[in-house]
2 protein chains.
Amino acid sequence: MNDYDDVSEATRERVLKLAEELEYTPTAAARTLVTKRSQVVGVVLSTGVDHPDIQHPFFQEVLVGLKRRLGAGGYDLLLLATETPGNGFGTHSYLQRCRHHRVDGVVLMGVERREADVQKLARSTIPCVAVDLDLVGRRTGFVISDNTRGAGLALEHLHKLGHDRIATITGPTDTRVGMDRLVGYRQALERLGLPYRDEYVREGDFYFESGNAHMQELLTLPEPPTAVFAASDLMAAGAVRAIERAQLEVPGDIAVVGFDDIQLAAMMQPALTTIRQDKLGLGAAAAEALLRMIERDGAPPPGVTLPVELVVRESSGGKRSRAARTKPTR
Amino acid sequence: MNDYDDVSEATRERVLKLAEELEYTPTAAARTLVTKRSQVVGVVLSTGVDHPDIQHPFFQEVLVGLKRRLGAGGYDLLLLATETPGNGFGTHSYLQRCRHHRVDGVVLMGVERREADVQKLARSTIPCVAVDLDLVGRRTGFVISDNTRGAGLALEHLHKLGHDRIATITGPTDTRVGMDRLVGYRQALERLGLPYRDEYVREGDFYFESGNAHMQELLTLPEPPTAVFAASDLMAAGAVRAIERAQLEVPGDIAVVGFDDIQLAAMMQPALTTIRQDKLGLGAAAAEALLRMIERDGAPPPGVTLPVELVVRESSGGKRSRAARTKPTR
DNA sequence: TTGTAAGCGTTATCAG
DNA sequence: CTGATAACGCTTACAA
């Protein structure tokens, strides 16, 4: 059954037929024990109480991409859930949990780069790929979107529409993704000859509530922005909510551009202009790179940057088109 | 380390200390081989190209609930991805894949009850729990929301608001969930003394586009409804979109009530009135029941129905409150 | 081309 | 209480 080339056609068929009849399925555990390979890829993603990342629409889609590609390659996905595997002699590190299951590779999402636990994994000999997180190590690489360019695209779009007072609600600046989008914002400002204003930069946490709260404060400014670039769609949605609560209109009074292009973006009212990340592609690329590292020992860890794309919908529009207020905005 | 009671305190400590030092982690495969237990629970959820269920916000939240409870119980989650496990002598059934990994139990989501593959699993001796799907078998049970009552709640709410022309966009009627919500709709109609009209019932597929398309057709009726109960939030969002595209307002012209209470519901504009399913609870209940069956051989398979709750937001309102049109609806 | 034996890392059993 | 030994179900290497 293992496709040896030194068995007669007759025998092969006899065996295969019998296996079929008996619904024989090899036992992964036994095979793993001897081959030292499990055909399983571990998935680490934090499930904090406040914002379980597995619940963020972004990671979900990445997971779909991962599952498809990995499945096609003959691998199943192990969602590391328990912190006390084995017969529980205390809490185990990610690395130990991965070794416990002898996973052939690991995908990391939504974890802190600096966490000791994560570092340990990255320094190990297990092939690892981080998504949206610039982890590196001997056998650890990452796939990430071109966040800096994404922010640039957003700002250029807004600028072209006539905006010159553009604020941003960033992600946590201690994350690579949050920082890159902020850097992209600043670089674009400079490129476009727009002044940088401290009061136009607010640090959020990627989630709805923070977008909502920061937008409210932005609105109290003596000279409020006419456009906002939010570093995530969820925050953008929060911002839109704040704007409409203040009896202002999007995009009539304030234009909003998000980041991610999660499903919500197209379904919102007004539909959200955003920077699309290729989430399925990110998952597929991570899977691809991981399989390469698993299957070819010398394969270098990836450092892949995927392009992003501006998707223009309804939440961005010309500056101060008050006329739009008399009619529905669409 | 396995907590035997016939080892001296001294030896135990010596061993434990050494294990710690060497960062010893037991190998799951070896243990599985001999104990016939893997401390892993399989998760089956379809990832069709059109609508990967893993991507439906509903299942994501259920997954969080599952992961937390299962993790606490010392189990990891295996996302069955590959159809050709082992050394690939053809495609394997779910059952084979589960046996291959010797998973201790299985959670099924978003699969077809009638699928031969699913039936095989349900008839096997592996403990199974289906979520939102009434699978039964010797060691197979399910957890599900009280969908019939949910639909009733929605209709009563709408009726109380003064609506008597209430349409519904149902889910696929060959699914238990879709059917239950339709039954709840019909029963409520009767209870409230409202006439049943064939043209007010349209079968969708739970997703945005179908809600949108069906609402458009509902709008062309000689006597269009003044309220719509959609069997999912995604379809409700699609319906809202269709209504606003037709220059009508929600809830001013047509009230909309959804089902699920996914994150989108609260973030939409107008925020969606909906029937909340306890998604984390569903996941936790499934995990709980599964653990019981796994750990106590005689434990009966579950048949749990979780209560739902009406969440009133902005998309439902009094009938024909045209006045609202002059001012923002919020 | 086919059959046989050793060993993967555990747990369980059974003498010491 | 402790140490030795036989499975568990596979793959691999080697002998027939």
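A quick note: this is a predicted structure, and the numbers were derived from the prediction, not measured. In what follows, chains carry the letters A, B, and so on, assigned in the order in which the sequence lines appear, proteins first and then strands, with residues in each chain numbered from 1.
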Spacing between [X] atom [atom1] and [N] atom [atom2], to the nearest angstrom:
{"X": "A:H100", "N": "C:dC8", "atom1": "NE2", "atom2": "P", "result": "19 Å"}
{"X": "B:K36", "N": "C:dT11", "atom1": "NZ", "atom2": "C1'", "result": "12 Å"}
{"X": "B:H101", "N": "D:dC8", "atom1": "NE2", "atom2": "P", "result": "22 Å"}
{"X": "B:R99", "N": "D:dG9", "atom1": "CZ", "atom2": "P", "result": "13 Å"}
{"X": "A:R102", "N": "C:dG9", "atom1": "CZ", "atom2": "P", "result": "6 Å"}
{"X": "A:L33", "N": "D:dT11", "atom1": "CG", "atom2": "P", "result": "12 Å"}

With sequence neighbours excluded, residues passing side chain to side chain donor-acceptor pair (under 3.5 Å) with [X]:
{"X": "A:E115", "answer": "none"}
{"X": "B:R139", "answer": "none"}
{"X": "B:S145", "answer": "B:Q277"}
{"X": "B:T173", "answer": "B:E203"}

Not counting sequence neighbours, which residues clear salt bridge (Lys or Arg N to Asp or Glu O under 4.0 Å) with A:D180? List them please.
A:R176
Check salt bridge (Lys or Arg N to Asp or Glu O under 4.0 Å) between A:K120 and all other residues, then give those that pass, not counting sequence neighbours.
B:E23
Applying salt bridge (Lys or Arg N to Asp or Glu O under 4.0 Å) as the test, list every pair that has at least one member in residues 277-292 of chain B; sequence neighbours left out.
B:R69-B:E288
Listing time: all N or O pairs from protein to nucleotides 12-15 of chain D that are below 3.5 Å?
{"residue": "D:dT12", "atom": "OP2", "partner": "A:Y4", "partner atom": "OH", "Å": "3.0"}

Does B:H101 form a side-chain contact (heavy atoms from CB on, under 4.5 Å) with A:Q39? I'd like the steps, not just the answer.
CA-CA 10 Å; B:H101 287 288; A:Q39 297 289 116; 5.9 Å; no
Tell me the bend of the helix from C:dT1-D:dA16 to C:dG16-D:dC1 as the angle between end helix axes, each from five pairs, rounded to the nearest 10 degrees.
50°
Please pick, from D:dC10, C:dT10, C:dG9, the nucleotide with the shortest atom-to-atom distance to any side-chain atom of B:R31.
C:dT10
